[in-house]
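Down below is the structure, laid out as structure tokens.
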Amino acid sequence: MLYELASILSGVILGSLAGLLPALHNNTIASFLISLRTGLPPDLLSLLIISLACSRLVFEFVPAIFLFIPDENSVLSILPGQRLAMEGKGHFALRLAACSSLFSLLFSLLLLPLALTLFPPLYSAVRPFTAPVLLLASLMLLLTEREPRPIAIASLVFLLSGLLGILALRTPSFSDPLLPSFTGLFAIPAILFSINAKPKHSPSAGSAAFSLPKFLPFILAGTLLGFLADLFPGLSSASQVAVFGLLFLPATSEGFLSLVSSIATSHLFFSIAALLSAGKARVGATAAVQELLGTLSAGDAALLVGGAVISFSLSIALLLLLAPRLVSLLSRVSHRTLCLLILAFILCIVLLLSGFPGLLILFTASCIGAIAPLAGVRRTHVMGLILIPAILYQFGV
Amino acid sequence: MERHELILCAFLLSLAGLALLAFSARFGEPQRLRIAELGDEHLGKFISVEGTVASTYTRNGNLFATLCSGPCVRIVVFKSLLPQLSTHESNLYLLKKGDRVRVAGTLSQYQGEYEITAESAELSG
């Protein structure tokens, strides 16, 4: 029991540091840990990897909201998160993400027995329909723009980002294309359009309390959507699913942030269920666990689920404790200076990880990402980056 | 600059960027390595190796082969790629022990062993 707790705590600490450091991907960390040959038995190493993934997911909203640097799960939280941060509600945004994750975890735990039973038959049943469902949902999303001109521009943005996805993500010679793609599509335009803005400083707004009744629909929807994400092979991230959530839930900035963090939490939690019941590894952490443990026993299953619950809870508590200090630290730097520093950091990290092709991807993605806000259509249409390659893959192209 | 001019500018620059990316993708060369040189620093990278087929088998339509040149590495060709990688000159459906093959793809690790997910393959010699 002591060794298991030590693994969980180590995972929480490593995950929180990894979450605060932009551009460090879960798969990179998991591969690194496996290759280290730490001497840890496979079950403890698996527990560490799962705990790390849970903790990282909670903390990655900090760079997404305050530094505009996203992971594939938190990328859509840049938009509402930045909006809230500019209104002086950055602390509230973090608290909202943390509390939504907590309640989503509770609901996911309640649904776990049902998920374990339903997952295998549902997975087989929906798999043939993945491509048509993704295509239909994408079309419906475009049509939510209502007027012909915005629909046309949204379609253009969707197709351009899809083309970028096909070129950047499917070409093996481009290493680590996700970071420059997402950063270019979301972060760079967000930074450039806000660089001269002056964020409001409103201590009372920042300390606003989290209201469960107000956000319960988004948390419940997020929990359910996270479960559905594990059923559809073409959906690999919380942000893809959150885009489709917009079809059913007209959301404010706060509501959407609650939705994204709930989806991310339940998606990771139910991916463990998918591994246990159907042997399907849907995210990098569970793929690493599958590599270490092979077929899971009931004991392994209980250990991993318990570890996930404990590490999520500890991470959320840690984030809520640290949030005021993090916000205070970031508020000491002027917004313009912070934007310039972030731009410089993004350029350096993209060059380091992806080389000059990465800079070209970043430039192209930034140009595509700028079109939507300039034209007044929803920025989420750039998720064509992931959706179009996923649809084509499901159609066998 | 007017808003519609900015949109047009962004659109044209996007097209230019996409064209350049397509050009780079077309002519992007894998890093040529010997199997003995494969290391953790190459994980996730696009590389090519040459070796002799020591064994092959298929599972669920996917082709698995062990390629050796001193040390060995496992090669995976997913079933979706098999038709386009199987040309008249290099028919992977007929791949057998003793064939000399150059494979280009992404290096990964599976169950502690290196594995190349093939994007291109050609019989040599």
Side-chain angles (χ1 to χ4, degrees), chain A residues 25 27-28 30-32 34-37 153 156-157 159-164 166-177 181 184-185 189 193 287-288 290-292 294 353-357 359-377 393 395-397, chain B residues 1-32 38-48 61 78-84 103-121:
Chain A
H25 200 271
N27 295 353
T28 311
S31 300
F32 175 70
I34 290 173
S35 67
L36 257 188
R37 308 223 194 307
I153 295 173
L156 180 69
V157 169
L159 289 171
L160 284 173
S161 53
L163 196 52
L164 176 65
I166 291 167
L167 287 168
L169 304 183
R170 285 183 156 199
T171 305
S173 54
F174 295 148
S175 61
D176 257 319
S181 302
L185 287 171
F193 290 139
Q290 193 173 45
E291 190 182 321
L292 284 168
L353 292 179
S354 312
F356 287 105
L359 288 179
L360 179 57
I361 294 171
L362 182 70
F363 170 77
T364 309
S366 303
C367 295
I368 297 172
I371 296 175
L374 283 171
V377 301
Y393 178 79
F395 275 125
V397 176
Chain B
M1 222 176 186
E2 296 289 337
R3 189 172 280 255
H4 67 271
E5 286 171 345
L6 278 172
I7 294 172
L8 185 64
C9 200
F11 173 64
L12 292 173
L13 286 172
S14 307
L15 289 181
L18 288 169
L20 281 170
L21 278 171
F23 182 81
S24 301
R26 180 94 170 78
F27 295 103
E29 284 293 314
Q31 185 182 359
R32 284 195 164 213
L38 293 177
D40 288 352
E41 66 273 21
H42 302 119
L43 286 171
K45 301 269 190 280
F46 185 46
I47 53 127
S48 84
F78 288 117
K79 61 184 175 189
S80 54
L81 276 182
L82 263 175
Q84 70 195 68
V103 171
T106 309
L107 184 69
S108 59
Q109 212 164 29
Y110 182 71
Q111 292 182 338
E113 303 291 327
Y114 289 132
E115 184 175 273
I116 298 174
T117 306
E119 296 289 330
S120 71

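Chain letters run A, B, ... following the sequence lines, proteins first and then strands; every chain starts at 1.
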Going by heavy atoms in the side chains, are [X] and [Y] under 4.5 Å from each other?
{"X": "Leu156(A)", "Y": "Phe11(B)", "result": "yes"}
{"X": "Leu160(A)", "Y": "Ile371(A)", "result": "yes"}
{"X": "Gln31(B)", "Y": "Phe46(B)", "result": "no"}

If you measure from CD1 on Ile361(A) to OG on Ser366(A), what distance do you get to the nearest 0.5 Å?
-> 11.5 Å
Contact origin within Ile47(B) toward chain A - heavy atom pairs under 4.5 Å = neither
What residue in Val157(A), Leu163(A), Ile166(A) has the most heavy-atom pairs under 4.5 Å with chain B?
->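 Highest number of pairs under 4.5 Å: Leu163(A).
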Pick one of side chain, backbone, both or neither for Pro373(A), based on which atoms fall under 4.5 Å of a heavy atom in chain B.
-> backbone
Best-contacting candidate, Gly17(B), Ser14(B), Ser108(B), against chain A by heavy atom pairs under 4.5 angstrom =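 With the most close heavy-atom pairs to chain A, the winner is Ser14(B).
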